[in-house]
Amino acid sequence: MKTLYGVAMLAATLAGGTLESASAESASKAAIKNIVLVHGAFADGSGWEAVAKILEQDGYKVSVAQPPETSYAEDVKYARAAVDAMDGPVVIVGHSYGGAIITEAGNDPKVSALVYIAAFALDDGESCASIEQAVPQASKAFKADNEGNWWIDQAHFAADFAADVPPAVSHFMAISQVPISTDSFTHKVTSPAWKTKPTWYMVATADRSINPEQERTMAKRAHAKTVEVNASHVAYMSHPKETAKLIEEAAATRTSASQ
């Protein structure tokens, strides 16, 4: 009887340990709660406000990076700093040129997944400029100044960049736009993070700043889970709920980078 009792106690102990291990494993595979949002050219982080509010209401910790668009290396540095400041696994999100930034910043070990919102998901040796040349965008309003910075002609800003946000918003965006440096626009990517990490992509079907066909091509080769919205280039502003939903889907998918 003592032997049987001992065996029973041992079995119970082992079972308890198994349950605890299973519980710990389950906890370790909890959804990612850290989100880094990266703006693109001609904009700043304030455009992410509506998306950030939704994510925070849903329990996520959000950081909005503010790359200055002065050089590609500097912009990647700012995004990496935002990732490094987080206390755990991160989903990094980029809009437009922000996609080029997260393509390399996403190699940070803390980054578990990438989300592109009408963005440049560049391959080895590609730049934003080469993508635009390969499949031209509809807009012809991009102009360089004498300092090597690129702007959108204010008269065409709303139609070519932010056609589906309120006029007062697109007007203020036009007069407060952040120019992008030639270096940022022409720098070639050398190590795309999407080749090793799971990726999501939102195509803006009415985009005049990046050709929607090019967006689909970039999403396909990245093997990205893709959704499409009838939106201008600033899909994250005109469709914040859909954008937040896609980000949360990425956050809910546990990846090898965060295990």
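All figures in this text were calculated on a predicted structure; none of them were measured in a lab. In this chain, residues are counted from 1 in sequence order.
- Although no hydrogens or angles enter the test, the distance criterion places no donor-acceptor pair under 3.5 Å between the side chain of S130 and the main chain of E126.
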### Query
Given the rule in the side-chain contact (heavy atoms from CB on, under 4.5 Å) test, do I247 and V51 qualify, once you have shown the distances and angles that lead to the verdict?
CA-CA 9 Å; I247 294 168; V51 172; 3.9 Å; yes

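- Under a 3.5 Å cut-off, the side chain of H239 and the backbone N or O of A231 do not form any donor-acceptor pair.
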### Task
Would you please test R216 and T226 for side-chain contact (heavy atoms from CB on, under 4.5 Å) and show each step?
CA-CA 8 Å; R216 295 184 181 104; T226 305; over 6 Å; no

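- The minimum heavy-atom distance between A204 and P212, with the atom names listed, is O-CG, 3.5 Å.
- Listed for the E132 side chain is no donor-acceptor partner under 3.5 Å among the backbone atoms of A129.
- A 4.5 Å side-chain heavy-atom check between V62 and L37 finds at least one atom pair inside the cut-off.
- Just one of F142, F185, Y97 meets the ring-ring contact (aromatic ring centres under 6.0 Å, His included) condition when paired with F42; it is F142.
- Under the 4.5 Å side-chain criterion, counting only non-hydrogen atoms from C-beta, S71 is not in contact with H187.
- Atom NZ in K61 sits 14.0 Å away from atom CG in L55 (nearest 0.5 Å).
- Scanning all heavy atoms of the two residues, the minimum distance from A65 to V36 falls at CB-CG1, 4.4 Å.
- M173 has its side chain within reach of M237: a pair of non-hydrogen atoms, C-beta onward, lies under 4.5 Å apart.
- E104 contributes a side-chain N or O that, together with a main-chain N or O of T190, makes up a donor-acceptor pair within less than 3.5 Å.
- Judged purely by atom type and a 3.5 angstrom limit, N107 uses its side chain to pair as donor or acceptor with the backbone of S191.
- Partner Y116 forms a side-chain contact (heavy atoms from CB on, under 4.5 Å) with one of V93, I92, I102 and no other, that one being I102.
- Looking only at side-chain heavy atoms (C-beta outward), I180 and N149 stay at 4.5 Å or farther from each other.
- For D164 (side chain) and S232 (main-chain N/O), a donor-acceptor pair under 3.5 Å exists by modelled atom type.
- Salt bridge status for E248 with K245: absent, with no side-chain N to carboxylate O gap under 4.0 Å.
- Residues V178 and F157 do not share a hydrophobic cluster, clusters being chains of Ile/Leu/Val/Met/Phe/Trp/Tyr side chains in contact below 4.5 Å.
- Under the side-chain contact (heavy atoms from CB on, under 4.5 Å) test applied with P192, the options D124, L114, T199 reduce to a single match, D124.
- Looking at heavy atoms from C-beta onward, N34 lies out of side-chain contact with V91 at the 4.5 angstrom threshold.
- Counting only distance, with no hydrogens or angles, the side chain of D207 and the backbone of I210 share a donor-acceptor pair below 3.5 Å.
- The minimum heavy-atom distance between I54 and A244, with the atom names listed, is CG2-CB, 3.6 Å.
- Remark: side-chain polar atoms of S184 are not paired, donor with acceptor, to backbone N or O of T182 under 3.5 angstrom.
- A salt bridge links K225 with E249: the closest approach of a Lys/Arg side-chain nitrogen to an acidic carboxylate oxygen falls below 4.0 angstrom.
- Remark: the backbone N or O of V90 is not paired with any side-chain donor or acceptor of K110 at under 3.5 angstrom.
- V111 and Y60 fall within the same hydrophobic cluster, defined by Ile, Leu, Val, Met, Phe, Trp and Tyr side-chain heavy atoms under 4.5 Å apart, directly or through other members.
- Between K53 and E49 there is a salt bridge, since a side-chain N of the basic residue sits under 4.0 Å from a carboxylate O of the acidic one.
- Counting only distance, with no hydrogens or angles, the side chain of Y201 and the backbone of A119 share a donor-acceptor pair below 3.5 Å.
- With rounding to the nearest 0.5 Å, the separation of CD1 in I152 from CD in Q177 is 5.5 Å.
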### Message
Using the rule given for side-chain contact (heavy atoms from CB on, under 4.5 Å), can you reason through W194 versus H223, listing the C-alpha separation, both sets of side-chain angles and the distance that settles it, and then say yes or no?
### Response
CA-CA 8 Å; W194 54 258; H223 304 290; 5.8 Å; no

### Task
Take S96 and F120, measure what side-chain contact (heavy atoms from CB on, under 4.5 Å) needs, and give me the verdict at the end.
CA-CA 6 Å; S96 190; F120 292 102; 4.2 Å; yes

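- Atoms OG and CD1, on S63 and I35 in that order, are 11.0 Å from each other to the nearest 0.5 Å.
- The shortest side-chain heavy-atom distance between F172 and V169 does not fall under the 4.5 Å cut-off.
- Other residues, nucleotides and ligands place no more than 12 heavy atoms under 6.0 Å from the NZ atom of K188.
- Distance check, rounded to the nearest 0.5 Å: OG of S139 to NE2 of H156 gives 8.0 Å.
- For the residue pair L122 and C128, the shortest heavy atom distance occurs at CD1-N, 3.8 Å.
- Atom OH of Y78 and atom NE2 of H39 lie 10.0 Å apart (nearest 0.5 Å).
- Contact annotation: the side chain of E242 never approaches that of V227 to less than 4.5 Å [non-hydrogen atoms, C-beta and beyond].
- Among all heavy-atom pairs drawn from A43 and Y236, the shortest one is CB-OH, 4.3 Å.
- With respect to D160 and R208, a salt bridge is recorded, a charged nitrogen being found less than 4.0 Å from a carboxylate O.
- At a cut-off of 3.5 Å, with distance as the only test, no side-chain donor of D183 or S181 sits close to an acceptor on the other residue.
- Annotation: salt bridge (charged side-chain N to carboxylate O under 4.0 Å, His left out) contacts involving residues 134-155, sequence neighbours excluded, comprise K143-D153.
- If you take OG1 on T253 and CD1 on I32, they are separated by 8.0 Å, rounding to the nearest 0.5 Å.
- V165 and F161 end up in the same hydrophobic cluster when Ile, Leu, Val, Met, Phe, Trp and Tyr side chains are linked at under 4.5 Å.
- Across M218 and A121, no two heavy atoms sit closer than the pair SD-N, 3.4 Å.
- In this structure the side chain of H171 never reaches within 4.5 angstrom of the side chain of Q154, judged on heavy atoms.
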